[in-house]
Amino acid sequence: MTPLPVTRALFDDVMVPNYAPADVVPVRGEGSRLWDQEGRDYIDFAGGIAVTVLGHAHPKLVAALTEQAQKLWHVSNVLVNEPALKLARRLCELTFAERVFFANSGAEANEAALKLARKYAADHAGPDKREIIAFNQSFHGRTLFTVTVGGQPKYTEGFGPLPPGIAHVPFNDLNAFAAAISERTCAVIVEPVQGEGGVTGATPEFLQGVRELCDRHRALLIFDEVQCGNGRTGHLYAYMGYGVTPDILTTAKGLGGGFPISAMLTTATIAASLAAGSHGTTYGGNPLACAVAGAALELLADPGLLAGVRRKHDLFMDGLRQINGRFGIFRDLRGQGLLLGCELIEPWRGRSREFIKAALDQGLLVLVAGPDVIRLAPSLIVPDELIQEGLRRFERAIANLAAPSVPVDEELAHAAR
Ligand SMILES: *Cc1c(COP(=O)(O)O)cnc(C)c1O
């Protein structure tokens with residue numbers, strides 16, 4: 001077999017076409033910068049989809065991984081291992097949790113949470129308490145159960161028959177929720193800040209109201225903090241900023257800073273329903289993943305880092321407002337901490353993906369959250385200078401796409417040619 005050059009074109013020849021990756025092939029990363037095969041640099045405001053919370057190749061994470069790699073990679077759940085127990089203990093110390101279950105992805109953590117909620121109801125209530133309530137536009141993963149619970153019908157098309165007993169109601173609409181919840185409801189799952197659905201935060205009154213109604217109807221409240229957890233909002237977990245505590249919390253993306261790991265956190269009473277043999281996963285609690293996540297969690301729990309996230313939020317918002325003052329293409333700039341959404345006005349609605357390409361051309365990585373929103377999810381320790389430089393690149397990208405509504409300076413005029 002002749003070795004082919006490793007280019008984006010190879011993707012089409014050897015990969016299932018479920019993704020639509022850009023042409024760039026990154027080969028190295030450091031902090032908030034990436035370099036491609038040609039040595040071109042990119043400022044990373046995408047963070048591997050809100051994952052690389054501590055940037056690329058953070059020395060403390062590299063050290064934790066390489067140290068553990070010399071010692072022990074995998075033993076399975078037939079045995080305990082030190083990194084997993086230490087990480088679980090830290091998560092319990094730092095949150096409401098008393099028990100932890102480890103898995104490898106956000107979907108798996110949510111799958112565990114939803115199964116636990118059903119099992120808990122089976123153990124403590126009659127056979128009629130099976131229903132799960134979720135919210136429109138929510139995203140909870142791609143397994144058949146979690147994708148059905150998610151509130152975006154386009155992701156379940158063609159995959160039926162779907163698991164039953166799942167209802168959807170509008171997000172941030174407490175009246176609609178109050179009308180939907182009943183004694184048949186066993187669990188409610190909500191993202192405190194919807195990520196994929198458009199970077200939309202729950203209102204505090206909504207989350208508070210959901211909590212109260214869950215208590216009244218003895219339904220478990222699950223917070224999906226796969227995206228908004230791990231310092232992303234400027235709080236270690238978003239629930240802490242809201243002051244509303246869930247019964248089960250799921251976390252993934254940022255937890256390993258780029259190493260695959262997820263966790264489901266809950267109380268001892270609820271956890272008891274997952275008795276030995278009732279649920280599991282081969283790699284959950286893998287020593288490599290837990291060693292990296294343990295190092296990441298120590299950095300993320302630092303109040304100084306979290307205050308930095310809130311300060312950097314303001315830097316981003318100021319810069320984005322200035323860009324909008326010039327081009328007037330955003331109808332809303334929103335988000336919490338370093339999860340930011342720029343919602344496009346007409347005639348740009350439906351065209352968010354064009355901005356990914358335009359940004360790449362300027363050496364910048366950004367994300368979208370649906371067709372109308374450009375999403376930024378940089379490292380939580382992105383240096384201020386790189387925020388400024390990245391925003392300059394973003395502005396040039398926008399200048400290339402949109403005719404400016406007011407005269408632009410030399411540099412922008414140059415970039416637009
Ligand atoms: C990304 C995401 C998931 C799914 O995580 P995977 O690791 O892709 O399975 C679930 N919930 C939310 C809120 C997410 O953002």
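If you read the sequence from its start, that first residue is 1, and numbering goes on from there. Just so you know, ligand 1 is whichever comes first in the structure, and atom 1 is the first atom listed for that ligand.
A ring-centre distance under 6.0 Å is found for Y239 and F96. Remark: aromatic rings of H140 and F145 are distant, center separation not under 6.0 Å. Remark: aromatic rings of F355 and W348 are close, center separation under 6.0 Å. Aromatic rings of F45 and F394 (six-membered ring for Trp) have centroids beyond the 6.0 Å cut-off, not under it. Taking the ring centroids of H168 and F135, they lie at or beyond the 6.0 Å cut-off.
Near ligand 1, heavy-atom contacts under 4.0 Å come from S105, G106, A107, N110, F139, H140, G141, E191, D224, V226, Q227, K253.
Remark: Y242 engages no residue in a ring-ring contact (aromatic ring centres under 6.0 Å, His included) (not counting sequence neighbours).
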